[in-house]
Amino acid sequence: MEYQFWATAPFQVLGLLGLAVFVGVHALRIRRIIGGDGLIFFSGNTVAAALVLASNFGSTHVLWLLMQIVLIAIALTIMIAIFFDARTF
């Protein structure tokens, strides 16, 4: 019998890390340390989404992965559109 220090699989650790990045970025935004339309907010959300998506490659149904990829692409498109909005220049 092999002893495991962590009761979670490596893919679950990726998901938890993604959740921690997401919560951290939004905590910084709520405390007004970063803005909701800045590059740090955009990058943090992108990294968090990528980590959560990577965590699903462990044992998730293919349709769930495709749906999550589509939702991430939509969210990235909206964040890029907001980031490069002409009214902010």
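On a predicted model such as this, the values are computed, not experimentally measured, just so you know.
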Exercise for the section: Is it possible for you to say whether F57 and L17 belong to one hydrophobic cluster, with membership spreading through side-chain heavy-atom contacts below 4.5 Å? Expected result: yes
Exercise for the section: List the atom of L14, the atom of A54, and the distance in Å for their closest heavy-atom pair. Expected result: CD1-CB, 4.1 Å
Exercise for the section: Return the set of residues passing side chain to side chain contact (heavy atoms under 4.5 Å, CB included) with F22 (not counting sequence neighbours), or none when no residue passes. Expected result: H26, N45, A48
Exercise for the section: Could you tell me which residues satisfy side chain to side chain contact (heavy atoms under 4.5 Å, CB included) with L39, sequence neighbours excluded, listed by chain and number? Expected result: F42, S43, F83
Practice task
Give, for atom CG of L53 and atom OG1 of T46, the distance between the pair rounded to the nearest 0.5 Å.
Solution key: 12.0 Å
Handout entry: hydrophobic_cluster_shared for F41 and V52, side chain cutoff 4.5 Å
Key = no
Output side-chain donor-acceptor pairs under 3.5 Å for residues 63-82, partner residues at least two apart or in another chain, one line each.
residue: Q68; atom: OE1; partner: N56; partner atom: ND2; Å: 2.3
residue: T77; atom: OG1; partner: A73; partner atom: O; Å: 2.7

Problem - I40 reachable from L28 in the ILVMFWY side-chain graph, under 4.5 Å edges - result: yes
